[in-house]
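Within every chain, numbering begins at 1; the chains are lettered A, B, ... in the order of the sequence lines, protein sequences first and strands thereafter. When reading the values below, keep in mind they use all heavy atoms of this one structure, side chains included, and skip hydrogens, waters and symmetry mates.
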Number of protein chains: 2
Amino acid sequence: MADKLEPEQLRTYFALMESVSLLQHEVERHLRSEGDLSYVQFQLLARLAGAQRKLTMTELADGVVLSRSGLTHQAFLLGQAGLVERTADPDDHRSTLVEITEAGLSKFAAVLPGHVQVAKDLLFDQLTQDDVKSLGDMMTRVRDHMRARPPRSAATRKRRTPKALEN
Amino acid sequence: MADKLEPEQLRTYFALMESVSLLQHEVERHLRSEGDLSYVQFQLLARLAGAQRKLTMTELADGVVLSRSGLTHQAFLLGQAGLVERTADPDDHRSTLVEITEAGLSKFAAVLPGHVQVAKDLLFDQLTQDDVKSLGDMMTRVRDHMRARPPRSAATRKRRTPKALEN
DNA sequence: TATTGTTATACTCTATAACTATA
DNA sequence: TATAGTTATAGAGTATAACAATA
């Protein structure tokens with residue numbers, strides 16, 4: 001459990017990180033020029049568009065791995081642009097609920113095809129259908145594993161003694 | 001060539017981006033706390049450690065997809081920390097050659113195991129040996145494809161008419 | 001007493017444009 | 001005239017800590 005990575009793993013790791021880094025740069029360039037959005041902002045819209053309910057600030061912050069204050073800032077910017085709306089939570093008055101607006105959905109729908117085209121040109125054109133399937137399976141597994149840990153918002157709070165570190 | 005992504009591709013794309021994003025955050029946290037390095041700085045050291053020769057500033061900037069001025073800044077910081085050294089290129093006096101120092105190599109060697117351990121815990125523990133192999137093959141293919149494009153340093157210069165876009 | 005979210009603030013990162021020096 | 005690199009500068013992004021309101 002504490003040994004080195006095999007050379008094969010090291011090769012894979014660096015290829016993965018480098019590929020995604022390059023892809024991210026291109027995607028960011030596209031989003032900025034096409035929709036005047038940062039990647040984080042796109043991610044926030046994507047999450048809100050996909051969610052079937054309003055999300056709290058903390059949920060949203062954890063979703064994109066951002067500090068709560070960082071999210072406050074981004075939510076302000078998105079609100080200013082008319083893409084999201086923040087309202088008080090009627091059930092828990094401490095919470096703020098975030099909802100994507102019609103304009104936000106339009107914006108998201110407007111940039112998604114081009115975004116997806118970038119991913120297609122850079123990533124999927126190099127992959128077979130089987131590759132895509134197995135890559136999706138792998139990354140879903142990996143993501144779920146990573147998500148099964150204390151979220152970021154818990155770290156900046158006073159840490160309560162975790163019962164089990166790995167659960 | 002200009003159609004939509006299949007749902008399977010969309011699922012794969014988001015799982016990939018989210019996984020790597022989570023991984024990057026953890027890796028950055030480790031590097032910062034363990035070695036007082038940013039991820040970019042780690043990447044620079046990794047490139048220099050792996051290169052069998054000194055690299056020019058432009059080569060290094062392209063390698064990590066950073067503007068030339070951005071690299072100047074990072075190279076200054078790394079130089080200040082004694083991890084790299086910049087010297088004039090005797091062959092082309094316009095160029096600056098960057099070399100990793102002994103201290104830089106030590107630092108890199110010091111953080112690599114922990115870095116790799118993070119990758120192991122978050123990524124590789126979820127993958128079979130076959131997964132790793134095929135992920136590596138995919139990402140190598142993807143990276144090489146992405147690298148076969150005009151580098152970032154060319155974009156901020158006056159664009160010369162490219163003879164062949166893909167070469 | 002713990003949690004949600006915001007504010008104030010400071011810092012890091014990165015890029016654009018202007019500039020110098022060299023080819 | 002084009003390229004390598006640096007500088008000056010400005011903008012965006014993020015986090016920490018302190019705070020207010022609510023549970």
Tell me what [X] touches on the nucleic acid: a base, only sugar-phosphate, or nothing, going by heavy atoms under 4.0 Å.
{"X": "B:Leu71", "value": "nothing"}
{"X": "B:Thr96", "value": "sugar-phosphate"}
{"X": "B:Leu97", "value": "nothing"}
{"X": "B:Arg32", "value": "sugar-phosphate"}
{"X": "A:Asp89", "value": "nothing"}

In whole Å, I'd like the distance from the [atom1] atom of [X] to the [atom2] atom of [N].
{"X": "A:Asp91", "N": "D:dT22", "atom1": "CG", "atom2": "P", "result": "15 Å"}
{"X": "B:Gln24", "N": "D:dT14", "atom1": "CD", "atom2": "C1'", "result": "15 Å"}
{"X": "A:His73", "N": "C:dG5", "atom1": "NE2", "atom2": "P", "result": "18 Å"}
{"X": "B:Tyr39", "N": "C:dT12", "atom1": "OH", "atom2": "C1'", "result": "18 Å"}
{"X": "B:Asp36", "N": "C:dT12", "atom1": "CG", "atom2": "C1'", "result": "12 Å"}
{"X": "A:Phe76", "N": "D:dA12", "atom1": "CZ", "atom2": "P", "result": "12 Å"}
{"X": "A:Glu28", "N": "C:dA15", "atom1": "CD", "atom2": "C1'", "result": "13 Å"}
{"X": "B:Leu66", "N": "D:dT6", "atom1": "CG", "atom2": "C1'", "result": "14 Å"}

Item to check | Partner of B:Gln41 by side-chain hydrogen bond (donor to acceptor under 3.5 Å, both in side chains), out of B:Lys107, B:Gln74, B:Arg32 | outcome: B:Gln74

Checklist entry - If you measure from the Lys or Arg side-chain nitrogens to the Asp or Glu carboxylate oxygens, is any gap between A:Lys54 and A:Asp89 under 4.0 Å? => result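 No, A:Lys54 and A:Asp89 are not salt-bridged.
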
Can you tell if the side chain of [X] reaches within under 4.5 Å of the side chain of [Y], non-hydrogen atoms only?
{"X": "B:Val84", "Y": "B:Leu45", "result": "yes"}
{"X": "B:Lys133", "Y": "A:Glu8", "result": "yes"}
{"X": "B:Leu122", "Y": "B:Leu22", "result": "no"}

To the side chain of [X], which of [options] is closest?
{"X": "B:Ser67", "options": "C:dT7, C:dA23, C:dA15", "answer": "C:dA15"}
{"X": "B:Thr58", "options": "D:dG5, C:dT6, D:dT6", "answer": "D:dG5"}
{"X": "B:His93", "options": "C:dT22, C:dG5, D:dA15", "answer": "C:dT22"}

For [N], does either OP1 or OP2 sit under 4.0 Å from a side-chain N or O belonging to [X]?
{"X": "A:Gln74", "N": "D:dT14", "answer": "yes"}
{"X": "A:Arg86", "N": "C:dG5", "answer": "no"}
{"X": "B:Thr72", "N": "D:dT7", "answer": "no"}

Checklist entry - With no angle test and no hydrogens, is the base of D:dG5 tied to the side chain of B:Arg94 by a donor-acceptor pair under 3.5 Å? => result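 It does not, because no donor-acceptor pair links the side chain of B:Arg94 to the base of D:dG5 below 3.5 Å.
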
Next on the checklist: Suppose we call a contact any N or O donor and acceptor under 3.5 Å apart; does that hold for the side chain of B:Ser69 and the base of C:dA15?
Outcome noted: yes

Item to check | Between B:Tyr13 and A:His115, ring centroids under 6.0 Å | outcome: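 Ring-ring flag for B:Tyr13/A:His115: true, centres closer than 6.0 Å.
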
Next on the checklist: Closest-nucleotide mapping onto DNA chain D: is A:Ser38 or A:Pro90 further toward the 5' terminus? I mean the 5' end.
Outcome noted: A:Ser38

